[in-house]
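Just so it is clear, the values below take in all heavy atoms, side chains as well, and ignore hydrogens, waters and symmetry mates. Residue numbering restarts at 1 for every chain, and letters A, B, ... go by the order of the sequence lines.
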Protein chains: 2
Amino acid sequence: MDPSKGTIGDCKELMLSLRDFGDIWRGKWKIQIILYLSINKDKTIYFTQIRRDIPGISSKMLSKELKELEINRLVSRIVHPTIPVKVEYLITAHGESFAPVAETMILWGLQHRKLILGIIAALNQ
Amino acid sequence: MDPSKGTIGDCKELMLSLRDFGDIWRGKWKIQIILYLSINKDKTIYFTQIRRDIPGISSKMLSKELKELEINRLVSRIVHPTIPVKVEYLITAHGESFAPVAETMILWGLQHRKLILGIIAALNQ
DNA sequence: CCGCATCCGCCATGATACTG
DNA sequence: CAGTATCATGGCGGATGCGG
């Protein structure tokens, strides 16, 4: 975190990493999905179950997001050849490594909410 | 992190926090801007300087993002009545509280990059 | 220098319906 | 059940130009 080089605004490396991070996790759904699978990693979770438990997500989005998460080795898929077919989704070890990051986000979000609500309360009084 | 309630997929609270978090930080730029101001908090930073140091951002976007960050009390503005006017941007204490979150993101991003590059290398050999 | 206005393309997301 | 196909749309974000 030290801009040791001469000019202002070096630390491009950090900015680039952040950009990479953003590219992977952009969009409304992926982080919620990973958190969900992370929390329920001891259960057997099928496609429709996820869709039911993440309010507002459509089949299309869920399918797309899961595909991208799989490409990034964050979840894995197991097809059960029953009739009709069922597809199980699991979080990978690598996917689980994201849980602490999500936790940091959540804690910050709560703290932020408290601060903003405090400001609003002060304004209204 | 424990789904103690009966059904699968409780922990709605966590998901909601995550959604709030996403709403605040949506888009390509805000996190980069906060990190930039956080790193350079000991320097005097004007609008144009930020635009120069965050590659690719336009005036419009920078202006819009800064406004939203200001509303959320993450940055503050000081207008210097010179001719022409200069506007200084500072990170707030609350804004600084985001630095650890950004750091977590960066570290995870680096680890992820390594893992993916490893997989690609294995495939090509 | 700072930032707003305008125009515009494109992509993410949503709604709905449909297959194996 | 697990998606895919199609269409619609709103907002993100880029380009350019203007005004204080």
Show which side-chain atoms of residues 110-125 of chain B pair as donor or acceptor with protein atoms under 3.5 Å away, not counting sequence neighbours.
from	atom 1	to	atom 2	distance (Å)
B:H112	ND1	A:H94	NE2	3.4
B:H112	NE2	A:N72	OD1	3.3
B:R113	NH1	A:D20	OD2	2.2

**Prompt:** Could you give the CD1-to-C1' distance, from A:I45 to D:dA2, as a whole number of Å?
**Reply:** 15 Å
**Item:** With sequence neighbours excluded, residues passing side-chain hydrogen bond (donor to acceptor under 3.5 Å, both in side chains) with A:W108
**Value:** B:S97
**Those residues that, when tested against B:Y89, pass side-chain hydrogen bond (donor to acceptor under 3.5 Å, both in side chains) (two or more places apart)** = B:R77
**Item:** A:I71: hydrophobic cluster co-members (side-chain, 4.5 Å)
**Value:** none
**Request:** Sequence neighbours left out, what passes salt bridge (Lys or Arg N to Asp or Glu O under 4.0 Å) with B:R73? Give chain and number order.
**Result:** none
**Asked** Just by protein heavy atoms under 4.0 Å, how would nucleotides 3-16 of chain C read 5' to 3' in B, S and -?
**Response** BB-BB-----BBB-
**Fill in**
Rounded to 10°, the angle between the first-five-pair and last-five-pair axes of the helix from C:dG3-D:dC18 to C:dG20-D:dC1 is 40°
Counting only pairs under 3.5 Å, give me each side-chain donor-acceptor contact of residues 59-69 of chain B, with atom names and distances, residues two or more places apart or in other chains.
from	atom 1	to	atom 2	distance (Å)
B:S59	OG	B:R51	NH1	2.3
B:E65	OE1	B:K30	NZ	3.3
B:E68	OE1	B:K30	NZ	3.0

**Request:** Could you tell me whether the side chain of A:N40 reaches within less than 4.5 Å of the side chain of A:Q49, counting heavy atoms only?
**Result:** no
**Prompt:** To the nearest angstrom, how far is B:E68 atom CD from D:dC12 atom C1'?
**Reply:** 11 Å
**Asked** Can you list the residues that meet the salt bridge (Lys or Arg N to Asp or Glu O under 4.0 Å) rule with A:E96, with sequence neighbours excluded?
**Response** A:K41
**Request:** Round to a whole Å and report the spacing from CD of A:E88 to P of D:dG3.
**Result:** 12 Å
